[in-house]
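In this chain, numbering begins with 1 at the start of the sequence shown.
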Amino acid sequence: MAKKATVLDQPAIRRALTRIAHEIIERNKGIENCVLVGIKTRGIYIAKRLAERIHDIEGEEIPVGEIDITLYRDDLSKKTEDNEPEVKGSDLPVDITNKKVILIDDVLFTGRTVRAGLDALMDRGRPSQIQLAVLVDRGHRELPIRADFVGKNIPTSSSEKIMVSLSEVDGEEQVTIHEKE
């Protein structure tokens with residue numbers, strides 16, 4: 001895949017996450033009864049960064065959890081030698097029943113990952129509300145899903161791919177567009 005453009009660099013990612021943190025606080029009138037839940041893999045790191053920013057702003061800790069959607073995917077891929085899906089596990093630090101859950105992912109595309117995340121959350125409790133925060137919304141939805149908090153809207157063509165690189169996973173910080181070959 002050929003890199004076409006860098007659309008967010010490290011400072012731009014930092015600014016986008018700071019803005020999302022402020023929007024989460026404003027929309028929820030604080031962070032009482034709120035829980036951040038990141039979708040594996042990059043959504044977890046974005047959730048942790050948002051929690052840090054929210055702490056800096058509000059002076060309070062917000063619970064952060066992670067959810068693995070592998071078994072909830074409608075395009076389940078086999079990854080292990082015995083043809084079983086590779087499940088990495090979920091970790092929710094608090095009961096999400098009657099909480100406002102902010103589900104977090106890196107890129108919103110077709111909506112299928114978010115649908116799987118919603119199913120995984122509902123199997124673990126009944127939140128009073130679920131909101132969606134994404135670093136990038138690239139369009140091309142196949143399901144009626146819309147993010148409540150978006151770092152950057154990046155309209156793309158179907159021949160392009162958005163790649164989010166985070167230092168925790170990839171050793172660098174950027175969001176790039178690549179042309180599919």
Side-chain angles (χ1 to χ4, degrees), residues 3 5-70 88-96 99-109 111-118 120-121 124-125 127 129-139 145-154 156 161-178:
K3 181 175 166 182
T6 299
V7 289
L8 292 174
D9 58 9
Q10 186 174 10
I13 291 171
R14 187 182 65 252
R15 285 189 301 272
L17 294 179
T18 299
R19 184 172 33 78
I20 291 172
H22 280 282
E23 289 173 359
I24 288 170
I25 295 164
E26 186 175 328
R27 177 168 180 174
N28 293 290
K29 296 175 179 61
I31 57 169
E32 187 178 344
N33 284 323
C34 291
V35 180
L36 302 178
V37 178
I39 296 177
K40 291 200 176 204
T41 295
R42 285 169 185 79
I44 296 164
Y45 299 107
I46 293 170
K48 289 177 180 177
R49 291 180 188 192
L50 286 170
E52 289 172 11
R53 283 173 180 75
I54 288 169
H55 180 267
D56 292 346
I57 298 162
E58 290 289 289
E60 295 179 42
E61 299 287 329
I62 185 169
V64 179
E66 55 189 62
I67 199 148
D68 184 354
I69 61 162
T70 304
K88 297 178 180 105
S90 296
D91 177 29
L92 297 176
V94 295
D95 181 7
I96 60 171
K99 301 274 196 243
K100 294 178 188 174
V101 174
I102 297 95
L103 187 62
I104 300 163
D105 203 9
D106 56 350
V107 178
L108 178 55
F109 181 32
R112 294 184 179 280
T113 297
V114 173
R115 185 214 45 88
L118 293 170
L121 283 174
R124 285 166 178 77
Q129 187 177 41
I130 300 174
Q131 300 166 15
L132 177 61
V134 297
L135 180 59
V136 175
D137 184 344
R138 64 169 288 190
I145 291 176
R146 177 186 54 82
D148 299 284
F149 312 103
V150 178
K152 184 157 181 79
N153 286 293
I154 303 173
T156 60
K161 181 172 176 65
I162 295 281
M163 297 186 74
V164 174
S165 300
L166 299 175
S167 58
E168 298 92 337
V169 182
D170 310 294
E172 62 182 352
E173 293 277 314
Q174 62 182 357
V175 176
T176 53
I177 298 177
H178 295 257

Q: Under the side-chain contact (heavy atoms from CB on, under 4.5 Å) rule, what do Ile69 and Lys40 come out as? Steps first, then yes or no, please.
A: CA-CA 7 Å; Ile69 61 162; Lys40 291 200 176 204; over 6 Å; no
Q | Working for side-chain contact (heavy atoms from CB on, under 4.5 Å), residues Arg53 and Arg14 | A | CA-CA 10 Å; Arg53 283 173 180 75; Arg14 187 182 65 252; 3.0 Å; yes
(Q) Between Met163 and Val175, does the side-chain contact (heavy atoms from CB on, under 4.5 Å) criterion hold? Intermediate values first, please. (A) CA-CA 6 Å; Met163 297 186 74; Val175 176; over 6 Å; no
Q) side-chain contact (heavy atoms from CB on, under 4.5 Å) between Val134 and Asp106: does it pass, once the steps are laid out? A) CA-CA 5 Å; Val134 297; Asp106 56 350; over 6 Å; no
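Checking side-chain atoms of Asp9 against main-chain N and O of Ala12 turns up a donor-acceptor pair under 3.5 Å. Under a 3.5 Å cut-off, the side chain of Arg19 and the backbone N or O of Gly151 do form a donor-acceptor pair. Not a single donor-acceptor pair under 3.5 Å links the side chain of Arg138 to the backbone N or O of Leu108. The main-chain N or O of Ser167 is found under 3.5 Å from a side-chain atom of Glu173 such that the two form a donor-acceptor pair. Panel note: side chain Asp137, backbone Gly139; a donor-acceptor pair is recorded below 3.5 Å.
Between Ile154 and the choices Ile162, Leu135, Val107, the side-chain contact (heavy atoms from CB on, under 4.5 Å) rule is met once, by Ile162. Partner of Val37 under the side-chain contact (heavy atoms from CB on, under 4.5 Å) criterion, out of Val101, Val64, Asp91: Val101 alone.
Proximity of Ile104 to Ile39: side-chain heavy atoms (C-beta onward) are nowhere separated by under 4.5 Å. No side-chain heavy atom of Ile46 sits less than 4.5 Å from a side-chain heavy atom of Leu36. With a 4.5 Å cut-off on side-chain heavy atoms, Ile62 and His55 do not count as touching.
Taking OG1 from Thr6 and CD from Glu172, the interatomic distance works out to 8.5 Å, rounded to the nearest 0.5 Å. A distance of 12.0 Å separates NZ of Lys100 from CD1 of Ile24, quoted to the nearest 0.5 Å. Taking CD1 of Ile57 as the reference point, atom CD of Glu26 lies at 11.0 Å (rounded to 0.5 Å). The CD atom of Glu66 sits 8.0 Å away from atom OH of Tyr45, with the distance rounded to the nearest 0.5 Å. In this structure, Ile13 CD1 and Arg15 CZ are separated by 10.0 Å, a value rounded to the nearest 0.5 Å. Remark: Arg112 CZ to Ile145 CD1 distance equals 9.0 Å, nearest 0.5 Å.
Counting all heavy atoms, side chain and backbone alike, Arg42 lies closest to Asp170 at NH2-OD1, 2.7 Å. Heavy atoms only, all atoms of each residue included: Val150 and Ala147 are closest at CG2-CB, 3.6 Å. Considering every non-hydrogen atom in both Ile67 and Ser90, the closest pair reads CA-OG, 3.4 Å. Residues Ile96 and Leu92 approach most closely at CG2-CD1, 4.2 Å, considering heavy atoms. Closest of all the heavy-atom pairs between Pro127 and Gly125 is CD-O, 3.4 Å. Nearest heavy-atom pair, Ile102 versus Ala133, reported as atom, atom and distance to 0.1 Å: CG2-CB, 3.9 Å.
There is no side-chain donor-acceptor pair under 3.5 Å between Ser165 and Gln174.
Ionic pairing of Lys99 and Glu32 is not present here: no N-O contact between side-chain nitrogen and carboxylate oxygen is shorter than 4.0 angstrom. Lys48 and Glu61 are not joined by a salt bridge, as no carboxylate oxygen comes within less than 4.0 angstrom of a charged side-chain nitrogen.
Take Thr176 and apply the side chain to side chain donor-acceptor pair (under 3.5 Å) test, not counting sequence neighbours, and it matches His178. In this view, Arg27 and Gln129, Gln131, Asp148, Phe149 satisfy the side-chain contact (heavy atoms from CB on, under 4.5 Å) rule, not counting sequence neighbours.
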